[in-house]
Amino acid sequence: MARIGFIGLGIMGSGMVANLVKAGHEVTVWNRSSTKYPEIQKAGAKTANEPSDILENADFFMYCLADDAAIKEVITGGHNLASKVKPGTIAIDLSTMDPETSAAERAIYEANGVEFLDAPVFGTKGEANAGGLWIVIGGKEETYKKSLPVLEPISATTHFMGKGGNGAKMKLVGNLLVASQLVSIGEGLTLAKSAGLDLRKVLEVVGIADFKTPIYSGVGAGAIAGDYEVHFPLKLMLDAENNALAINEIQCLVVHIYQCDLALGV
Ligand code: NAP
(Lines give C-alpha, C1' and ligand atoms only; values in the text may rest on other atoms or scores of the structure.)
Protein backbone atom coordinates (compact mmCIF):
# COMPACT_ATOMS: atom_id res chain seq x y z
CA MET A 1 0.00 0.00 0.00
CA ALA A 2 1.34 3.43 -0.95
CA ARG A 3 0.30 6.93 0.11
CA ILE A 4 -0.55 8.94 -3.00
CA GLY A 5 -1.20 12.66 -3.43
CA PHE A 6 -3.22 13.13 -6.63
CA ILE A 7 -4.27 16.24 -8.59
CA GLY A 8 -6.91 16.39 -11.33
CA LEU A 9 -10.42 14.99 -11.16
CA GLY A 10 -11.24 15.37 -14.85
CA ILE A 11 -12.59 12.70 -17.18
CA MET A 12 -9.34 10.72 -16.84
CA GLY A 13 -8.17 11.53 -13.31
CA SER A 14 -11.47 10.53 -11.65
CA GLY A 15 -11.23 6.96 -12.98
CA MET A 16 -7.53 6.74 -12.09
CA VAL A 17 -8.15 7.76 -8.48
CA ALA A 18 -11.03 5.30 -8.07
CA ASN A 19 -8.83 2.45 -9.32
CA LEU A 20 -5.89 3.43 -7.11
CA VAL A 21 -8.20 3.36 -4.09
CA LYS A 22 -9.64 0.01 -5.21
CA ALA A 23 -6.09 -1.39 -5.34
CA GLY A 24 -5.67 -0.55 -1.63
CA HIS A 25 -3.68 2.68 -1.89
CA GLU A 26 -4.35 5.63 0.39
CA VAL A 27 -5.17 8.49 -1.97
CA THR A 28 -5.58 12.17 -1.08
CA VAL A 29 -6.86 14.37 -3.88
CA TRP A 30 -6.90 18.06 -4.67
CA ASN A 31 -8.86 19.51 -7.60
CA ARG A 32 -9.23 23.13 -8.69
CA SER A 33 -13.01 22.94 -8.36
CA SER A 34 -14.46 20.96 -5.47
CA THR A 35 -17.72 19.90 -7.18
CA LYS A 36 -16.37 16.38 -7.81
CA TYR A 37 -15.27 15.83 -4.19
CA PRO A 38 -18.46 14.09 -2.91
CA GLU A 39 -18.26 11.43 -5.62
CA ILE A 40 -14.56 10.70 -5.12
CA GLN A 41 -15.01 10.63 -1.34
CA LYS A 42 -17.70 7.99 -1.89
CA ALA A 43 -15.13 6.01 -3.88
CA GLY A 44 -12.86 6.08 -0.81
CA ALA A 45 -10.39 8.91 -1.50
CA LYS A 46 -9.61 11.72 0.94
CA THR A 47 -9.79 15.32 -0.29
CA ALA A 48 -7.63 18.33 0.57
CA ASN A 49 -8.43 22.04 0.78
CA GLU A 50 -4.98 23.19 -0.33
CA PRO A 51 -2.89 21.57 -3.07
CA SER A 52 0.23 21.42 -0.91
CA ASP A 53 -1.72 19.41 1.74
CA ILE A 54 -1.61 16.32 -0.49
CA LEU A 55 2.19 16.25 -0.38
CA GLU A 56 2.29 15.51 3.35
CA ASN A 57 3.77 12.00 3.78
CA ALA A 58 3.16 11.11 0.11
CA ASP A 59 5.19 8.26 -1.40
CA PHE A 60 3.91 9.24 -4.84
CA PHE A 61 2.72 12.57 -6.24
CA MET A 62 0.58 11.90 -9.33
CA TYR A 63 -1.39 14.29 -11.52
CA CYS A 64 -3.48 14.31 -14.67
CA LEU A 65 -4.08 17.92 -15.73
CA ALA A 66 -5.69 19.39 -18.83
CA ASP A 67 -2.70 20.85 -20.66
CA ASP A 68 0.64 22.65 -20.47
CA ALA A 69 -1.01 25.81 -19.11
CA ALA A 70 -2.50 23.83 -16.20
CA ILE A 71 0.85 22.16 -15.49
CA LYS A 72 2.52 25.57 -15.46
CA GLU A 73 -0.20 26.93 -13.17
CA VAL A 74 -0.14 24.08 -10.65
CA ILE A 75 3.25 22.39 -10.87
CA THR A 76 6.02 24.65 -12.17
CA GLY A 77 4.53 28.12 -11.53
CA GLY A 78 1.49 29.41 -9.63
CA HIS A 79 1.14 26.87 -6.80
CA ASN A 80 4.68 25.73 -7.68
CA LEU A 81 4.17 22.27 -6.22
CA ALA A 82 7.23 20.81 -7.96
CA SER A 83 9.49 22.70 -5.59
CA LYS A 84 7.44 21.67 -2.53
CA VAL A 85 7.63 17.89 -3.07
CA LYS A 86 9.83 16.22 -0.48
CA PRO A 87 12.98 14.30 -1.52
CA GLY A 88 12.23 10.57 -1.70
CA THR A 89 8.77 11.12 -3.21
CA ILE A 90 8.26 9.94 -6.80
CA ALA A 91 6.40 12.45 -9.01
CA ILE A 92 4.45 11.13 -12.02
CA ASP A 93 2.85 13.38 -14.64
CA LEU A 94 0.03 11.49 -16.40
CA SER A 95 -1.07 14.49 -18.50
CA THR A 96 -0.41 14.95 -22.20
CA MET A 97 2.36 17.52 -22.17
CA ASP A 98 4.85 19.23 -24.43
CA PRO A 99 8.31 17.61 -24.07
CA GLU A 100 9.64 21.07 -23.10
CA THR A 101 7.10 21.37 -20.29
CA SER A 102 8.12 17.92 -19.13
CA ALA A 103 11.81 18.93 -19.19
CA ALA A 104 11.03 22.02 -17.08
CA GLU A 105 9.24 19.85 -14.49
CA ARG A 106 12.08 17.34 -14.45
CA ALA A 107 14.69 20.07 -13.85
CA ILE A 108 12.87 21.32 -10.73
CA TYR A 109 12.26 17.84 -9.35
CA GLU A 110 15.81 16.62 -9.93
CA ALA A 111 17.28 19.74 -8.33
CA ASN A 112 15.23 18.84 -5.21
CA GLY A 113 16.14 15.13 -5.11
CA VAL A 114 12.74 13.99 -6.39
CA GLU A 115 12.47 11.23 -9.00
CA PHE A 116 10.15 12.02 -11.91
CA LEU A 117 8.38 10.14 -14.72
CA ASP A 118 6.58 11.65 -17.72
CA ALA A 119 3.79 9.11 -18.13
CA PRO A 120 0.99 10.19 -20.49
CA VAL A 121 -1.77 7.73 -21.26
CA PHE A 122 -3.67 6.28 -24.21
CA GLY A 123 -7.30 5.23 -23.89
CA THR A 124 -10.25 7.37 -22.95
CA LYS A 125 -13.01 7.60 -20.30
CA GLY A 126 -13.98 3.89 -20.53
CA GLU A 127 -10.38 2.69 -20.14
CA ALA A 128 -9.74 5.17 -17.29
CA ASN A 129 -12.80 3.91 -15.41
CA ALA A 130 -11.92 0.26 -16.04
CA GLY A 131 -8.23 0.61 -15.06
CA GLY A 132 -7.31 -0.31 -18.63
CA LEU A 133 -5.21 2.62 -19.89
CA TRP A 134 -2.02 2.20 -21.89
CA ILE A 135 0.80 4.25 -20.35
CA VAL A 136 3.99 5.42 -22.10
CA ILE A 137 6.81 6.36 -19.75
CA GLY A 138 10.02 8.35 -19.81
CA GLY A 139 12.54 8.60 -16.98
CA LYS A 140 14.94 6.35 -15.12
CA GLU A 141 14.13 2.64 -15.47
CA GLU A 142 14.65 2.12 -11.75
CA THR A 143 12.03 4.82 -11.02
CA TYR A 144 9.64 3.17 -13.48
CA LYS A 145 10.04 -0.21 -11.75
CA LYS A 146 9.47 1.33 -8.30
CA SER A 147 6.30 2.98 -9.64
CA LEU A 148 4.67 -0.16 -11.05
CA PRO A 149 2.49 -0.69 -7.92
CA VAL A 150 0.73 2.62 -8.67
CA LEU A 151 0.81 2.37 -12.49
CA GLU A 152 -0.54 -1.16 -12.82
CA PRO A 153 -3.92 -0.53 -11.10
CA ILE A 154 -4.78 2.14 -13.70
CA SER A 155 -3.44 0.42 -16.80
CA ALA A 156 -3.75 -2.55 -19.11
CA THR A 157 -0.10 -2.17 -20.15
CA THR A 158 2.86 0.10 -19.33
CA HIS A 159 5.62 0.86 -21.83
CA PHE A 160 9.01 2.12 -20.68
CA MET A 161 10.22 4.31 -23.58
CA GLY A 162 13.64 5.26 -22.19
CA LYS A 163 15.05 8.56 -20.98
CA GLY A 164 13.04 11.45 -19.55
CA GLY A 165 10.79 13.11 -22.14
CA ASN A 166 10.34 9.97 -24.24
CA GLY A 167 6.87 9.29 -22.77
CA ALA A 168 5.76 12.82 -23.73
CA LYS A 169 7.19 12.37 -27.24
CA MET A 170 5.52 8.96 -27.74
CA LYS A 171 2.19 10.45 -26.69
CA LEU A 172 2.43 13.11 -29.42
CA VAL A 173 3.22 10.43 -32.01
CA GLY A 174 0.16 8.49 -30.79
CA ASN A 175 -2.02 11.61 -30.91
CA LEU A 176 -1.11 12.07 -34.56
CA LEU A 177 -2.32 8.52 -35.24
CA VAL A 178 -5.49 8.93 -33.15
CA ALA A 179 -6.40 12.31 -34.67
CA SER A 180 -5.88 11.05 -38.20
CA GLN A 181 -8.22 8.12 -37.45
CA LEU A 182 -10.86 10.49 -36.05
CA VAL A 183 -10.66 12.58 -39.22
CA SER A 184 -10.75 9.56 -41.52
CA ILE A 185 -13.69 7.75 -39.82
CA GLY A 186 -15.70 10.98 -39.98
CA GLU A 187 -14.86 11.45 -43.64
CA GLY A 188 -15.40 7.74 -44.37
CA LEU A 189 -18.89 7.72 -42.84
CA THR A 190 -19.79 10.98 -44.63
CA LEU A 191 -18.65 9.51 -47.92
CA ALA A 192 -20.55 6.26 -47.23
CA LYS A 193 -23.74 8.16 -46.36
CA SER A 194 -23.62 10.31 -49.47
CA ALA A 195 -22.99 7.17 -51.54
CA GLY A 196 -26.24 5.69 -50.13
CA LEU A 197 -24.64 2.89 -48.08
CA ASP A 198 -26.18 1.46 -44.88
CA LEU A 199 -23.87 2.86 -42.19
CA ARG A 200 -24.36 -0.14 -39.87
CA LYS A 201 -23.17 -2.41 -42.68
CA VAL A 202 -20.26 -0.05 -43.30
CA LEU A 203 -19.18 -0.31 -39.65
CA GLU A 204 -19.56 -4.10 -39.77
CA VAL A 205 -16.96 -4.19 -42.54
CA VAL A 206 -14.77 -1.56 -40.85
CA GLY A 207 -14.81 -3.70 -37.68
CA ILE A 208 -13.45 -6.86 -39.29
CA ALA A 209 -11.41 -5.86 -42.32
CA ASP A 210 -7.70 -5.12 -42.30
CA PHE A 211 -8.15 -1.47 -41.28
CA LYS A 212 -10.09 -2.18 -38.06
CA THR A 213 -9.22 -0.09 -34.99
CA PRO A 214 -11.07 0.56 -31.71
CA ILE A 215 -11.32 4.24 -32.76
CA TYR A 216 -13.13 3.41 -36.00
CA SER A 217 -15.50 0.96 -34.26
CA GLY A 218 -16.13 2.96 -31.08
CA VAL A 219 -16.33 6.51 -32.43
CA GLY A 220 -18.05 5.27 -35.61
CA ALA A 221 -20.77 3.45 -33.64
CA GLY A 222 -21.30 6.53 -31.45
CA ALA A 223 -21.58 8.81 -34.48
CA ILE A 224 -24.21 6.74 -36.31
CA ALA A 225 -26.21 6.35 -33.05
CA GLY A 226 -26.09 10.15 -32.58
CA ASP A 227 -24.15 9.73 -29.29
CA TYR A 228 -21.75 12.66 -29.03
CA GLU A 229 -20.95 12.44 -25.30
CA VAL A 230 -17.51 14.00 -24.77
CA HIS A 231 -14.87 11.44 -23.83
CA PHE A 232 -11.91 13.45 -25.08
CA PRO A 233 -12.40 17.22 -25.26
CA LEU A 234 -11.37 18.36 -28.76
CA LYS A 235 -9.83 21.52 -27.28
CA LEU A 236 -7.16 19.28 -25.72
CA MET A 237 -6.35 17.79 -29.12
CA LEU A 238 -6.16 21.30 -30.58
CA ASP A 239 -3.91 22.56 -27.79
CA ALA A 240 -1.49 24.29 -30.15
CA GLU A 241 1.40 23.99 -27.75
CA ASN A 242 1.46 20.29 -27.06
CA ASN A 243 0.07 18.93 -30.29
CA ALA A 244 1.46 21.40 -32.82
CA LEU A 245 3.50 18.68 -34.51
CA ALA A 246 0.53 16.33 -34.79
CA ILE A 247 -1.81 19.06 -36.02
CA ASN A 248 0.58 20.07 -38.81
CA GLU A 249 0.75 16.49 -39.98
CA ILE A 250 -3.03 16.12 -39.82
CA GLN A 251 -3.56 19.21 -41.93
CA CYS A 252 -1.55 17.51 -44.68
CA LEU A 253 -3.65 14.36 -44.25
CA VAL A 254 -6.90 16.32 -44.41
CA VAL A 255 -5.84 17.89 -47.72
CA HIS A 256 -5.18 14.40 -49.05
CA ILE A 257 -8.59 13.15 -47.84
CA TYR A 258 -10.36 16.09 -49.47
CA GLN A 259 -8.53 15.36 -52.71
CA CYS A 260 -9.87 11.76 -52.52
CA ASP A 261 -13.39 13.09 -51.81
CA LEU A 262 -13.22 15.40 -54.81
CA ALA A 263 -11.98 12.57 -57.01
CA LEU A 264 -14.97 10.49 -55.84
CA GLY A 265 -17.37 13.34 -56.63
CA VAL A 266 -18.39 14.08 -53.02
P1 NAP B 1 -10.59 17.28 -18.27
O2 NAP B 1 -11.77 16.40 -18.03
O3 NAP B 1 -10.81 18.58 -18.96
O4 NAP B 1 -9.90 17.53 -16.83
C5 NAP B 1 -8.83 18.43 -16.71
C6 NAP B 1 -8.35 18.51 -15.27
O7 NAP B 1 -7.36 19.55 -15.18
C8 NAP B 1 -9.47 18.89 -14.27
O9 NAP B 1 -9.20 18.30 -13.04
C10 NAP B 1 -9.31 20.42 -14.20
O11 NAP B 1 -9.82 20.98 -13.01
C12 NAP B 1 -7.79 20.53 -14.22
N13 NAP B 1 -7.34 21.85 -14.64
C14 NAP B 1 -7.46 22.43 -15.85
N15 NAP B 1 -6.89 23.65 -15.86
C16 NAP B 1 -6.41 23.85 -14.61
C17 NAP B 1 -5.71 24.92 -14.00
N18 NAP B 1 -5.36 26.03 -14.66
N19 NAP B 1 -5.38 24.79 -12.67
C20 NAP B 1 -5.72 23.66 -11.99
N21 NAP B 1 -6.37 22.61 -12.51
C22 NAP B 1 -6.71 22.71 -13.82
O23 NAP B 1 -9.46 16.54 -19.09
P24 NAP B 1 -9.19 14.97 -19.21
O25 NAP B 1 -9.97 14.46 -20.38
O26 NAP B 1 -9.32 14.31 -17.88
O27 NAP B 1 -7.65 15.00 -19.67
C28 NAP B 1 -6.60 15.10 -18.72
C29 NAP B 1 -5.28 14.85 -19.46
O30 NAP B 1 -5.30 13.52 -20.01
C31 NAP B 1 -5.05 15.81 -20.64
O32 NAP B 1 -3.68 16.13 -20.71
C33 NAP B 1 -5.49 15.00 -21.85
O34 NAP B 1 -4.85 15.41 -23.05
C35 NAP B 1 -5.06 13.60 -21.43
N36 NAP B 1 -5.85 12.53 -22.08
C37 NAP B 1 -7.21 12.62 -22.15
C38 NAP B 1 -7.91 11.59 -22.78
C39 NAP B 1 -9.42 11.60 -22.89
O40 NAP B 1 -9.94 10.78 -23.67
N41 NAP B 1 -10.13 12.43 -22.17
C42 NAP B 1 -7.22 10.50 -23.33
C43 NAP B 1 -5.83 10.44 -23.20
C44 NAP B 1 -5.14 11.47 -22.57
P45 NAP B 1 -11.39 21.41 -12.92
O46 NAP B 1 -12.16 20.14 -12.62
O47 NAP B 1 -11.43 22.39 -11.82
O48 NAP B 1 -11.74 22.00 -14.27
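The basis for the numbers below is simple: all heavy atoms, side chains too, and nothing from hydrogens, waters or symmetry mates. Counting starts at 1 for both ligands and their atoms, in listed order. Numbering starts at 1 and runs along the sequence shown.
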Check your understanding: Any nitrogen or oxygen of M12, main chain or side chain, under 3.5 Å from a nitrogen or oxygen of ligand 1?
Key -> yes
Exercise for review: Would you check whether G13 has a nitrogen or oxygen atom less than 3.5 angstrom from a nitrogen or oxygen atom of ligand 1?
Suggested key: no
Check your understanding: What part of K171, side chain from CB on, backbone N/CA/C/O, both or neither, has a heavy atom under 4.0 Å from ligand 1?
Key -> side chain
Review point. Which residue pairs pass the side-chain hydrogen bond (donor to acceptor under 3.5 Å, both in side chains) test when at least one of the two sits in residues 201-213, sequence neighbours left out?
Key: Q181-T213
Check your understanding: For ligand 1, is there an N or O atom under 3.5 Å from any N or O atom of K36?
Key -> yes
Check your understanding: Considering only heavy atoms of S95, which atoms of ligand 1 have at least one such atom less than 4.0 Å away?
Key -> 32 (O)
Point to revise | From F6, Y63, F61, residue fulfilling side-chain contact (heavy atoms from CB on, under 4.5 Å) relative to I54 | key: F61
Check your understanding: Is there a nitrogen or oxygen of E73 sitting under 3.5 Å from a nitrogen or oxygen of ligand 1?
Key -> no
Check your understanding: If you measure from each heavy atom of M97 to ligand 1, is any distance below 4.0 Å?
Key -> no
Check your understanding: In terms of atom number and element, which parts of ligand 1 are under 4.0 angstrom from non-hydrogen atoms of G8?
Key -> 9 (O)
Practice item. Find all atoms of ligand 1 within a distance of less than 4.0 Å from any non-hydrogen atom belonging to T124, and give their numbers and elements. Key: 39 (C), 40 (O)
Exercise for review: Heavy-atom contacts with T96 under 4.0 Å: which atoms of ligand 1 show up? List them by number with element.
Suggested key: 32 (O), 33 (C), 34 (O), 35 (C), 44 (C)
Review point. Taking N or O atoms only and a 3.5 Å limit, does L9 qualify as a polar contact for ligand 1?
Key: yes
Check your understanding: Hey, does V74 come in under 3.5 Å of ligand 1, counting only N/O atoms on both sides?
Key -> no
Study note, to complete from the structure: ligand 1 to S33, heavy atom cutoff 4.0 Å, flagged ligand atoms 45 (P), 46 (O), 47 (O)
Point to revise | D68 backbone acceptor or donor facing D98 side chain under 3.5 Å | key: no
Review point. Do any N/O atoms on K125 end up under 3.5 angstrom from N/O atoms on ligand 1?
Key: no
Check your understanding: Does an N or O from C64, backbone or side chain, lie closer than 3.5 Å to an N or O of ligand 1?
Key -> no
